[in-house]
**Student:** 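What follows is a structure written as structure tokens; I'll ask about it next.
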Amino acid sequence: MKPPGGWRLIYNILTMSVIDKINNSKRALFTFELLPPLKGHSIERVYKAIDRLIEFQPAYINFTTHRNEITFRERPDGLLEKRVIRLRPGTIALAAAVKYKYNITVVPHILCGGFTKEETENVLIEMNFLGIDDVLALRGDPQRGTKTFIPEKEGHPHTYELVKQIIDMNHGKYLEETLIDTTQTHFCVGVAGYPEKHNEAPNIQTDLEYLKQKVDSGASYIVTQMFFDNNKYFKFRDECRKAGINVPIVAGLKPISNLNDINLLPQTFHIDVPNDLVSEIRKCKTDKDAREVGIEWTTIQSKELIKEGAPGLHYYTLGRSDNIARIVKASF
Ligand SMILES: Cc1cc2nc3c(=O)[nH]c(=O)nc-3n(C[C@H](O)[C@H](O)[C@H](O)COP(=O)(O)OP(=O)(O)OC[C@H]3O[C@@H](n4cnc5c(N)ncnc54)[C@H](O)[C@@H]3O)c2cc1C
């Protein structure tokens with residue numbers, strides 16, 4: 001039986017851009033983020049993770065991008081050999097494969113770090129050809145083992161410049177100004193926000209000014225860094241509004257999934273883990289126990305965020321989705 005309006009209409013709804021989905025929804029959207037497989041591993045792992053979550057009707061799926069890393073290998077003569085390797089390539093192809101397998105909106109991440117402006121333009125052209133109109137624009141962290149972010153010689157130092165480049169393409173403006181009759185892309189751009197401040201920012205006010213600069217450059221919505229205390233999200237939302245940042249703010253959530261997360265996550269993501277949660281994890285004897293606590297904690301967070309009007313909940317899966325399935329089943 002053909003649905004009212006036809007299959008094309010259903011497909012268009014399923015694959016609407018993120019901002020249209022947020023604006024057309026009366027309640028919080030469920031979304032999640034996946035990593036491309038490590039080089040040499042199969043896409044089937046990603047499909048498995050999605051298969052566990054697809055019954056909860058995610059509004060869209062994000063795919064992280066991982067820049068090249070510098071590693072050192074010891075040679076037989078004892079000297080170290082410098083190597084540059086991308087451990088998780090394939091973000092755009094993966095996003096396209098998922099889009100057409102599941103008929104779903106996909107949001108690949110795109111980075112300043114490791115890419116020249118021209119390489120970025122070429123990636124965006126590929127996305128446009130593949131029918132991918134959503135992107136999360138990010139700077140990327142400093143190279144592993146270094147403290148300062150260094151852009152490529154012909155790359156962007158800050159995300160707002162990357163946002164501008166993408167929006168320029170929406171106006172048919174490419175890097176090569178002599179091009180004529182250029183096609184206009186239709187990218188909907190999201191950017192990152194930090195309820196507990198980005199670790200390099202001198203203070204929250206300055207960080208908010210730069211966040212506003214990203215939005216003023218054309219970003220349509222914000223996705224937050226993970227947080228474990230909802231009050232941090234509510235305060236951040238209020239501060240954004242006071243600073244004149246009025247776009248939707250999707251809440252980023254990550255369930256604790258092993259005993260070491262309470263040490264590792266603050267080190268890696270520069271966030272606080274509340275004392276109550278630390279106490280509960282300390283009582284656990286195994287990673288499995290800690291995982292249960294994580295599920296319970298994030299479920300409580302999710303229910304409150306939905307009740308308090310968060311436009312979307314974005315779960316960081318780090319490749320595992322069974323815990324997210326339980327949280328989403330209990331919360332939405
Ligand atoms: C939802 C989400 C998804 C992510 N996905 C990925 C991913 O897929 N791959 C990956 O490598 N990383 C990812 N990250 C991590 C992200 O790349 C890092 O947090 C990075 O350090 C900052 O990126 P940004 O886009 O927020 O940077 P920016 O907005 O550029 O900000 C970085 C720092 O510079 C400051 N700043 C901004 N603009 C200016 C300016 N004009 N002048 C001076 N200072 C300025 C800011 O205050 C901040 O301290 C993700 C983060 C989040 C929250």
Side-chain angles (χ1 to χ4, degrees), residues 18 31-37 60-69 86-92 94-95 106-115 120 123 134-144 146-152 155-166 189-227 232-233 236 239-240 243 245 247-254 265-271 310-319:
V18 169
T31 75
F32 61 96
E33 172 174 311
L34 290 169
L35 282 67
Y60 55 91
I61 305 176
N62 283 56
F63 292 95
T64 56
T65 288
H66 301 255
R67 62 170 297 173
N68 46 13
E69 289 182 26
R86 245 180 119 187
L87 293 173
R88 294 181 184 271
T91 298
I92 305 301
L94 175 64
V106 289
V107 187
H109 297 183
I110 187 164
L111 301 179
C112 304
F115 295 86
T120 295
V123 167
D134 287 273
V135 59
L136 192 70
L138 300 143
R139 189 198 69 180
D141 285 323
Q143 276 280 13
R144 198 183 292 258
T146 66
K147 289 217 160 68
T148 312
F149 175 81
I150 301 172
E152 294 301 301
H156 297 295
H158 303 294
T159 304
Y160 84 93
E161 289 146 314
L162 173 59
V163 175
K164 278 193 173 162
Q165 182 181 0
I166 303 168
V189 188
V191 288
Y194 301 83
E196 298 179 61
K197 182 181 96 55
H198 185 265
N199 65 309
E200 293 166 34
N203 58 57
I204 187 80
Q205 288 316 321
T206 315
D207 210 20
L208 284 170
E209 278 170 30
Y210 291 136
L211 179 56
K212 184 164 186 313
Q213 191 179 29
K214 293 196 276 193
V215 172
D216 291 347
S217 301
S220 301
Y221 65 99
I222 294 163
V223 187
T224 75
Q225 180 58 279
M226 66 184 75
F227 56 87
K232 301 240 161 109
Y233 171 86
F236 177 67
E239 282 168 342
C240 281
I245 301 167
V247 296
I249 304 173
V250 174
L253 295 171
K254 153 99 181 75
L265 296 176
Q267 278 173 40
T268 313
F269 299 106
H270 311 282
I271 44 103
L313 305 192
H314 172 93
Y315 294 89
Y316 295 97
T317 67
L318 300 185

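One-based numbering, in listed order, for ligands and for the atoms of each.
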**Student:** Would you confirm whether Thr91, through its side chain, and Phe63, through its main-chain N or O, come within 3.5 Å as a donor-acceptor pair?
**Tutor:**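 No.
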**Student:** I'd like the contact residues of ligand 1, where contact means a heavy atom below 4.0 Å.
**Tutor:**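 The answer is Thr64, Thr65, His109, Leu111, Leu136, Leu138, Arg139, Gly140, Asp141, His158, Thr159, Tyr160, Ala192, Tyr194, His198, Glu200, Ala201, Asp207, Tyr210, Gln213, Lys214, Val223, Gln225, Tyr316, counting any residue whose heavy atom sits under 4.0 Å from ligand 1.
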**Student:** Mind checking what makes side chain to side chain contact (heavy atoms under 4.5 Å, CB included) contact with His158, not counting sequence neighbours?
**Tutor:** Tyr160, Glu161
**Student:** Please list, chain by chain and in numerical order, all residues satisfying side chain to side chain contact (heavy atoms under 4.5 Å, CB included) with Ile204, sequence neighbours excluded.
**Tutor:** Lys197, Leu208, Glu239
**Student:** Which atom pairs, donor and acceptor, lie under 3.5 Å between side-chain atoms of residues 215-227 and protein residues at least two apart or in another chain?
**Tutor:**
residue : atom : partner : partner atom : Å
Asp216  : OD2  : Lys212  : NZ           : 2.9
Ser217  : OG   : Gln213  : O            : 2.6
Thr224  : OG1  : Gly252  : N            : 2.8

**Student:** Keeping the roles fixed (side chain from Arg139, backbone from Thr159), state whether a donor-acceptor pair exists under 3.5 Å.
**Tutor:**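 Not confirmed, Arg139 side chain does not pair with Thr159 backbone.
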**Student:** Would the distance check show the side chain of Arg86 and the main-chain N or O of His66 forming a donor-acceptor pair, the cut-off being under 3.5 Å?
**Tutor:** yes
